[in-house]
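The first residue of the sequence shown is numbered 1, and numbering continues consecutively from there.
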Amino acid sequence: MLSLFPMYLNTIQKLYQLTRRDIQESWFLATEDGKALEPATLNENRSIVWPKGRQIQYLTRKITIPNALAGYPLEGMELRLILAWWAEDAKIYVNGELVREGDLFDSSTRILLSSSVIPGQEITVTLRLVSPNHDIGGLMKSELVYERSQGIDPGFVADELTILHNYLQAFSPEKLETFTELLQSIDWENITEADKFDRSLQSLRESLQPLAEPIKKRTFHLLGHAHLDMAWLWPLAETWDVARRTFQSVLTLQKDYPELVFGHSSPILYDWIEKNRSELFNEILEANKARSWELLGGMWVEPEVNLISGESLLRQLFYGQRYFQEKFGRICRVAWLPDTFGFPYQLPQILHHCGIEYFVTGKLHWNDSTKFSHGFFWWQSPDGTRVPSLMSPPNVAGVMDTNPIIMTDHAVNWERQTGLQDIFWLPGVGDHGGGPTRDMLEVARRWQSSPFFPNIRFTTAENYLDSLDRSALPVWDDELYLEFHRGCYTTHADQKFYNRYCESLLYQAELWSSLATIRLQTPYPKAEIEESWKKVLLNQFHDILPGTSIPEVFTDANETWREAIESGENILHSALQTIVTNISLPTPPRPDAKPIVIFNSLNWTRSNLVSLDVESGYESIYDLAGEKCLSGISRDGKLLFIAENIPSIGYRLFWLTREAGSGGQEEIETVASEFVLENPSLKVLINPETGDIDSIFDKVHQKEILSGAGNQLQAFRDGGQYWDAWNIDPNYQQYPLSPIELQSIETLEFGPVRWRVRVVRIFRDSEFCQDYILENHSPILRIETKVNWQETHTVIKASFPLTVRNDFTTYEIACGAIERTNTPETPEEKAKWEVYGHKWADITDKTENYGVSLLNNGKYGHDSQPNQLRLTLLRGSLWPDPNADRGIHQFTYAIYPHAGDWQTAQTVHRAYELNIPSLAIPVSPSPSPNLPPSGKWLHFPDDNVIVMALKQSEDNPESWILRAYECHGKTAEISLESEIGLKLENSIDGLERPTEPVREITPWKIATWRLSRPCT
C-alpha cells in the first residue's frame, strides 16, 4: 500500500502549485517610509529574523500578478496573503494603507489583497514588525494564495484530497487503491484552460464522493472563543479595553453570521463591562438569552489552581457562580481552564461542590515528556467524586482561517483516541483577546459545503458535552500534572508568600468576625470581606501568582495584595478587640498584673510559644489556674512564654506580671563552643564551618534522622529555557554551582524557653540569614530565613538527606494529600522531577514506623528521593520580568521528626500551626463584660477534620456557614462542640444550596453546613 503514496503526494503538490506561491525569499529590508533596501536573508528555518529587544524591522515587497501559475490562469481569482510572525507588535500596510495589526498572540493572518486579480496588477506590501524584548523577531511564513470563495479551485481541491486521504488511511485503508486510481482522471492536458481543468476537478470530486460519505457522519462542533489573560505581557488596565473590543467585535460579527456562538469565562470581566460599558453589557445579556453567547468557567478569574488553597478554589467558584446567577439567571456547568498549569487531585470534588458538571482544558497538550492518554474521561478525586473531563484541541494559531488540514488531523487523532466522531473546535484569536474573525467564519461556511469535510455546527460547550456518550469512559484517578512550567511553583516568591498569608488572614478575619457577630451581635463586615477576597482571587490569576508576567503587572499586584492585607488585618483586629473587651476578668495573681488573651484560630487545642512586646520589668506570665508559665526574655527584648492548652477556635486569658521570669538571656554566656540546640525532644548540632545541620537527634525515640548535611543550600545553574519564568532547566542538576560560604555563626538564645542559632551564609551576590530555632515544648526545628537574593538563572534548594526511606513521598494539596513515587519507572513518573506541595511534605519509613515532615509557610516547589526531601527556595528568571525575585525574602520552613506516619503524628496540624500562629491581644475590659476568661467556641472531636471557613450566609444575615474537610483519608464522625451553642443544622453545597444530609465525613470529603445558633 505504501507504494501508492508518492502518486497521491505528487498530485496534491501539483494542484497546490497552481494557486499558491511561497514568497519568503522575495522580501526586502526597508526604511521607515517603505523604501526597499537590500534583499532579506533567510535562516536555516526559512525565517527572516532580527535581534531581540523591541527592535523594529521593516520589510517590503512588490507583488505583480502573473497571467498564470504553472500554466493555470489566475485572472478573476481572489488573492490572499498569508503571514505568520513572531513580533510583539505587527502592522501590515497594503499600498501604503494600514490594513491589519497583530502581536505575539494574534500572530497570523489572511489578508485579502484583491477580490478579482488582473494580470500585471501591482500591489505593495510593507510590514513593520517589532521584536519581543526577550526574543528575536521573526517572519516565519509568507504565502500568496489564489482562490475562489464561491466554487472550487485547485488549492481547495488539493485540501479536500488531503483530508479524504487522511480519513481513508485512518479508517478505510482498503479504499486507498480506488482513491489513487481515480486521481488519474484529472485533465492535466487542459491546465491552461481554467474552465476545462476545473470541470475535470469537479468530475473527480463527484467520483470520489462515495468514498467520502462517512466523513459527513462526523461533525465539528465550533464555539467561538478568545482566551483572554487578565494580565501577562500587558498590565491589567489594558485588559479591560481588550475585553471591550473583543466582546464588541463578536456581537458585530453575530449580526452578519447569526450561526456564530461565542463563549467566554471570567465573571470579573463581565462585572467590569457591566459597571463601565452598560450598553455593551446589555447586548451580552440579550445574546446570552438567545443562546448565542455562553458563560464558561464559573470561576471569578481563570486562576492558578495547583498552588491556591481549597477554600480559595471554592471562593473562585462561589463568587463567580453567584455573579452569573444574579446577572444572567443561571450558573455555569462547565469549568473552563484552557491555560492553567496543571490541576490538583481534589479539583473534581471542589467543582462538583459548586454546581460544575464538566471540566475542560487543553493545557496538557503542552506536556514535554508524554502524551496525555485520554481525550474524554472521568476525572476522579480521592473522595470518589467524578467529573466528565474534556481535553480541548491544541491551541494552534491560524487554524480556521488558513488550514483545515490541521482541523481534520486533530479530528482523526481524536477519533482514534476516543472513538468519538463529534469533534470540539475553538476558532478565535486568544491570549490578548480578539476572538473569531470574519475570515474564519467565511472559511467555515465554505468548508461546510464541502462533501470532503465533516459537518460544521456552532454550539455551546455545554450542549456539546451533553451530547457525548459517557457509558464507557476511562477513569483518571490522579492529579492532572502538567509536564512543563515546573518553575511556576517557585518563580516570584513574593506572590506565593502574599497568597499564603492572605489565605490564612482572610480565614481568620472571617472566622472571628462571624463569631463576634454571633456571640456579641456586632455588625458583620460582609462587603469588606468580599472586597478583600476578590482582590486575592484576582491575584491568583494564572499569570500573576505563578510569577510569569511583566514587571508592571507585579507593581499592580503588590498594591492589590497590600490592600487586601490592610483590610484583612483591620477586620481581624476589630473582631478580636470586640471579643477581648467583653471578657470578664477574674482576680489577678498580683496587683500589677496585666491581662492578655491568646486566640487560637484552629479547631484543635494547641500549645505554642508566644513572643510579646512588653513594658520593661514585665518578665513573667501566669495562666488562668495561677500556674506560672515557662518564660524568658529574648535577645531582642521580647517576652517569650509557652502558652499551653489554648482551646479549639477559642481563647484563653493570661496575666503579665513584673515578677522575674525563669530562664533568659543571661545563660548565653555559658554556651560552649559547640552550636547546639537541645530541648526534651531533640538535640540539634550545627556545623561551625558550614552552617549546615550535622545532626538532628530524636531523644525520645533515640534516633538520628539525618544521613548527611541537613539544610544544605544547593545552588544550580538554571538557564537556557525559552519559557524562562515558567520552566526549570530539566538538566539543572548537572550544573551545580559553587558551595554557599559561611560568613558568621552565633548563638542568640540558649533556653530554657527557646534555643536560637543564627547562621549567615553568602552565595555570590546574595546573603542568607537563617535562625535555627528550637522551642522548649516542641519537637520541631524551625528555620527562619531572610534572604537578599541577587541572582539570575539560578535555582537554590534546601536539602535534607534522611535516615528514613520510602518509595513515595506524601505532599499536601488543596483539601488533601497525594503520594508521589520516589522510584519512578514510567515516563509519566519520571516527568515529575519537580512537584508542588502546600504546607508540608513527608517521608515515613513503614518498616521503622518513623517519619520526617518538611513544613513551610510560603513555598511550593519540592523534589524528593527515597531518603531525601528538598524544598525549592528561589529562582532567578529574566523574562518576562528581569528582576523577578531580586530583593528581600522572608520565610520559614521546619523539620518535624515523628514516630508513626504523618497522620498519627498530626503533621497537618503542625503545618497549620506554622502558617497560622496564635494571636495575643491585650485586654481593655468594658463596663459590663459577658464572656468567660476562656472559651472553646468550635471543636470537632475527631482530629482529622479541618475547619476551612466560618462565614455569614450570603442570603440570610441570621444564618451561618461552616465548611470543613477530612485530612487523613479516614472516616470522621460529625460531632460539633460549641460553648456558644452553634449546631450543625443541614448540609449545603459550596453555593449554599441544600444537598443530601452528610451523616459522616468520609475520607477526603469536603462538607459544608448551615449552622443553627442559640437564641439571644
- Query: So which pairs with a foot in residues 947-963 pass salt bridge (Lys or Arg N to Asp or Glu O under 4.0 Å), sequence neighbours left out?
  - Reply: Glu311-Arg963, Arg322-Glu954, Arg322-Asp955, Lys526-Glu954, Lys951-Glu954, Lys951-Glu992, Glu958-Arg1013
- Query: Which pairs pass ring pair (Phe, Tyr, Trp, His ring centres under 6.0 Å) with one or both residues in residues 602-627, sequence neighbours excluded?
  - Reply: Trp604-His909
- Task: Sequence neighbours left out, what pairs pass side-chain hydrogen bond (donor to acceptor under 3.5 Å, both in side chains) with at least one residue falling in residues 637-649?
- Result: Asp613-Lys638, Ser648-His939
- If every non-hydrogen atom of Val580 is compared with every non-hydrogen atom of Pro922, which pair is closest and at what distance? CG2-O, 3.8 Å
- With Ser918, which residues qualify under side chain to side chain contact (heavy atoms under 4.5 Å, CB included), at least two apart? Ile598, Arg606, Asn608, Val610
- Residue pairs meeting salt bridge (Lys or Arg N to Asp or Glu O under 4.0 Å), one or both in residues 932-946, sequence neighbours left out, come to Lys936-Glu977
- Query: With a 4.0 Å cut-off, would you call Arg754 and Glu749 a salt bridge?
  - Reply: yes
- Query: What do you reckon, are the aromatic ring centroids of Tyr524 and Trp960 less than 6.0 Å apart?
  - Reply: yes
- Message: For the aromatic rings, using the six-membered ring if either is Trp, is the centroid distance between Trp533 and Trp300 under 6.0 Å?
- Response: no
- Task: Assess Lys535 against Trp561: is NZ or CZ under 6.0 Å from the centre of the six-membered ring, and within 45 degrees of the ring's axis?
- Result: no
- Do Arg500 and Tyr860 meet the cation-pi criteria used here (NZ or CZ under 6.0 Å from the six-membered ring centre, within 45° of the axis)? yes
- Task: Compare all side-chain heavy atoms of Leu515 with those of Arg519 and state whether any distance is below 4.5 angstrom.
- Result: no
- Task: State which residues pass side chain to side chain contact (heavy atoms under 4.5 Å, CB included) with Ala493; sequence neighbours excluded, sorted by chain then number.
- Result: Lys859, Leu874, Asp885, His889
- Quick one: list whatever passes ring-ring contact (aromatic ring centres under 6.0 Å, His included) with Phe641, sequence neighbours left out. Phe654
- Message: Under a 4.0 Å threshold between the charged nitrogen and the carboxylate oxygen, would Glu530 count as salt-bridged to Lys534?
- Response: yes
- Message: Tell me every residue that passes ring-ring contact (aromatic ring centres under 6.0 Å, His included) with His352, counting only those two or more places apart in sequence or in another chain.
- Response: none
- Validation row: Glu966, Thr1002 side chains within 4.5 angstrom (heavy atoms): no
- Message: I'd like to check Asn558 versus Tyr498 (side-chain heavy atoms, cut-off strictly below 4.5 Å). Are they in contact?
- Response: yes
- Task: Could you go through the salt bridge (charged side-chain N to carboxylate O under 4.0 Å, His left out) check for Arg782 and Glu784 one step at a time?
- Result: CA-CA 6 Å; Arg782 294 161 57 103; Glu784 292 188 358; 3.1 Å; yes
- Minimum side-chain heavy-atom gap Thr555-Glu559 below 4.5 Å: no
- Those residues that, when tested against Pro525, pass side chain to side chain contact (heavy atoms under 4.5 Å, CB included) (two or more places apart): Ser513, Glu528, Ile529, Ile571
- Would you please classify the geometry between the Tyr896 ring and the His898 ring as parallel, tilted or perpendicular, with 30° and 60° separating the classes? tilted
- Note on the structure: Phe599 meets the ring-ring contact (aromatic ring centres under 6.0 Å, His included) criterion, sequence neighbours left out, with Trp512, Tyr651
- Message: I want to check something: taking the side chain as every heavy atom from C-beta on, are Tyr319 and Leu537 in contact at a cut-off of under 4.5 Å?
- Response: yes
- Note on the structure: Sorted by chain and number, sequence neighbours left out, side chain to side chain contact (heavy atoms under 4.5 Å, CB included) with Asn306 holds for Glu304, Pro344, Tyr489, Tyr836
- Give the C-alpha distance, both sets of side-chain angles, the deciding distance and a yes or no for salt bridge (charged side-chain N to carboxylate O under 4.0 Å, His left out) between Glu1000 and Lys1005. CA-CA 9 Å; Glu1000 61 182 7; Lys1005 198 69 177 179; over 6 Å; no
- Message: Suppose we screen for ring-ring contact (aromatic ring centres under 6.0 Å, His included). Which residues come up paired with Phe554, at least two apart in sequence or across chains?
- Response: His492
- Query: Taking C-beta and beyond as the side chain, do Leu314 and His353 meet within less than 4.5 Å on heavy atoms?
  - Reply: yes
